[in-house]
Structure formats: structure tokens, C-alpha cells
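Since the model is a prediction, treat every value here as computed from it, not as a measurement.
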Amino acid sequence: MIKLKNRSQLEGIRKSCRLLADLFDEIGGMIRPGISTADIDAKAAEFIRKGGGTAAFLGYMGYPASICASVNEVVIHGIPNHRPLVEGDIVGIDIGIILDGYYSDRAYTYAVGTPSPEREELMQVTQRCLDLAIESAAKGKRIKDISRAVFECADSAGFGVVRDYCGHGVGLDVHEEPQVPNYVGRGPNPRLKPGMVLAIEPMINLGTHEVEVLEDEWTVVTLDRRASAHYEHTIAVVDEGIEVLTAPQA
């Protein structure tokens with residue numbers, strides 16, 4: 001069942017999303033060769049605590065960290081560790097916050113130093129996929145309009161679109177209905193209505209779209225071990241159109 005949020009709930013979700021946007025501003029200044037994803041996780045945990053929130057991922061189905069940190073061929077659900085990041089890495093940081101009972105969710109892929117041209121293109125195209133998906137989420141459109149925008153953008157660049165994982169509803173829980181795939185399949189295609197809050201998250205690979213889960217039962221990697229990029233925003237469908245709740249603050 002899709003949960004439409006009322007005005008009071010939307011305001012609570014906005015506050016959670018603003019805290020998350022501020023956290024990503026902090027993280028952006030940390031990314032450099034020599035830092036570890038465990039360092040980023042510690043910073044995020046401290047920031048969330050000081051902001052009065054709780055890390056939405058910590059303990060969720062047994063997940064052991066406050067953030068997901070996915071380096072290079074890791075698509076999503078990378079567990080932070082103490083390996084220093086090196087020049088040319090790319091790292092996708094995915095974070096959820098619970099603030100006063102309301103959930104936010106965002107991901108961003110950062111370059112460590114200067115990435116290779118193909119990784120730079122992958123990041124740019126994946127960001128463009130997200131931008132086009134948000135543009136496609138105008139009031140009255142349907143979920144598959146979002147999916148089509150992502151797939152066509154990535155496919156036209158020759159990149160693989162991950163099919164095993166997708167975006168989702170969010171706001172009152174970490175994962176809600178509806179699912180928001182990044183390709184057009186046979187699933188439900190609900191119309192977007194005011195009060196819907198969605199986490200839209202293209203996951204795009206340099207090579208094959210196929211992925212596998214490592215023995216830790218969390219880390220998802222590309223089957224060909226080529227790089228992957230991941231961008232995500234929480235958006236709300238409102239009477240006026242679309243509001244990007246996790247956008248950087250002006």
C-alpha cells in the first residue's frame with residue numbers, strides 16, 4: 001500500500017531531509033586520498049547524533065554501520081572499512097536518517113582525486129539519469145515514466161542499468177511502496193499523486209548490468225568487476241509539482 005503523506009508528515013520528512021543534505025555537504029569536504037570509509041562513517045554517525053537524529057541503516061536487518069560506502073566495483077551496501085581511499089577511486093555514499101520518526105535517504109558518488117575518463121563519464125551520466133528521472137516525475141505521470149528516463153539515458157551511453165535493486169517509497173519507514181525500478185518492466189505502474197514521497201536512485205554500471213552479493217551478505221558488486229555509480233534524492237510529489245527534499249541547501 002502506498003502511504004500518502006499529509007502536510008504535517010511532509011514537514012517532518014523535510015526536516016529529516018535537510019539534516020541529511022547538510023551531512024552530505026560535510027562529507028564532500030572529507031573525500032581525498034588517504035581517508036577511509038570508516039572515517040566517513042564515524043563522521044556521519046557523530047553528525048547525525050548531534051543533529052538529534054538516528055542513522056536509519058544502522059541495525060536495519062543487521063546492517064553494521066551508519067552509512068553504506070561503495071568503492072569502485074561495489075554497487076551498493078558496501079560496509080565501511082579502514083582501507084585508505086586512493087587516487088582515482090570513486091565511492092558511492094548512501095545514507096538514511098531518522099529524525100523525530102521521519103526518514104530521509106540520499107546517495108552521491110564522489111571522485112577521489114581525478115578519476116579515469118570512463119569513470120568520470122559514468123558519474124556524469126548517472127547524475128544525468130537522476131536529473132532526468134526527477135524531471136519526469138511531474139504530477140500526474142507514472143512510476144514507469146521515471147524508470148524509462150533512467151534507462152534510456154544510461155543505455156544510450158552504453159552503460160548497464162542495475163535491475164536487481166531499485167528506488168522506493170520513503171518517509172515513514174526506510175523502505176515503502178511503491179518500488180521505483182531503473183528500467184521498464186512488467187510491475188505495477190501507479191500514477192504519481194500529491195503526498196507521495198519517493199527515493200529515486202539510479203545505479204549504473206560501466207559494463208554489465210549483472211551483479212552479485214559477496215559472502216558478507218551485504219556487499220553488492222558488478223559481475224564483471226567494472227565500476228558502478230549511484231546517485232539518489234528523496235523527492236515529494238506536491239500540488240505545485242515536485243520538491244527535491246534532499247537537495248543541497250542554498
Side-chain angles (χ1 to χ4, degrees), residues 19-51 53-98 103-116 118-120 122-124 126-127 130 162 164-165 174-175 199 201-206 211-234 246 248:
L19 181 62
L20 184 53
D22 289 344
L23 173 53
F24 271 88
D25 286 343
E26 289 283 325
I27 287 172
M30 297 178 67
I31 305 298
R32 62 185 183 277
I35 197 169
S36 74
T37 53
D39 295 330
I40 301 169
D41 183 67
K43 176 66 175 182
E46 177 188 28
F47 186 97
I48 294 169
R49 178 182 57 80
K50 288 183 176 180
T54 302
F57 300 165
L58 181 62
Y60 177 73
M61 298 180 66
Y63 187 74
S66 295
I67 71 171
C68 296
S70 303
V71 180
N72 298 334
E73 74 276 9
V74 180
V75 180
I76 51 172
H77 302 163
I79 299 172
N81 60 54
H82 292 281
R83 180 185 78 82
L85 296 173
V86 300
E87 178 76 23
D89 281 343
I90 62 174
V91 53
I93 303 294
D94 188 3
I95 309 175
I97 289 178
I98 312 168
Y103 290 74
S104 53
D105 197 357
R106 186 185 173 194
Y108 190 90
T109 298
Y110 296 93
V112 182
T114 303
S116 67
E118 66 174 7
R119 289 184 175 185
E120 178 69 29
L122 174 67
M123 294 169 63
Q124 291 175 352
T126 308
Q127 178 67 73
L130 178 58
V162 174
D164 295 46
Y165 301 89
V174 65
H175 290 117
E201 49 180 321
M203 291 160 267
I204 309 299
N205 301 341
L206 264 179
V211 301
E212 63 178 347
V213 182
L214 298 184
E215 290 183 358
D216 63 16
E217 298 184 349
W218 280 108
T219 306
V220 179
V221 298
T222 58
L223 198 61
D224 59 8
R225 299 303 192 267
R226 299 184 72 191
S228 183
H230 178 204
Y231 292 84
E232 176 183 23
H233 271 309
T234 295
T246 47

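- In summary, of the residues considered (V162, I76, L214, D164), a side-chain contact (heavy atoms from CB on, under 4.5 Å) with V220 occurs for I76 alone.
- By the 4.5 Å heavy-atom criterion applied to side chains, T114 and E87 are counted as neighbours.
- The backbone N or O of T234 lies less than 3.5 Å from a partner atom in the side chain of T246, making a donor-acceptor pair.
- With a 4.5 Å cut-off on side-chain heavy atoms, F57 and D105 count as touching.
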List the steps, then state whether side-chain contact (heavy atoms from CB on, under 4.5 Å) holds for T222 with V75.
-> CA-CA 7 Å; T222 58; V75 180; 3.7 Å; yes

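- Taking the side chain as every heavy atom from C-beta outward, I40 and K43 never approach each other to under 4.5 Å.
- Between C68 and Y63 there is a side-chain heavy-atom pair separated by less than 4.5 Å.
- Judged purely by distance below 3.5 Å, without hydrogens or angles, the side chains of R225 and N72 never pair a donor atom with an acceptor atom.
- Among the candidates V74, D89, I79, N81, the single residue satisfying the side-chain contact (heavy atoms from CB on, under 4.5 Å) test with T37 is N81.
- Between the side chain of T109 and the backbone N or O of V91, no donor-acceptor pair lies under 3.5 Å.
- A side-chain donor-acceptor contact under 3.5 Å links D39 to the backbone of S36.
- Note: H77 and Y165 have perpendicular aromatic rings, judged against thresholds of 30 and 60 degrees for the angle between ring planes.
- No side-chain heavy atom of E73 sits less than 4.5 Å from a side-chain heavy atom of R226.
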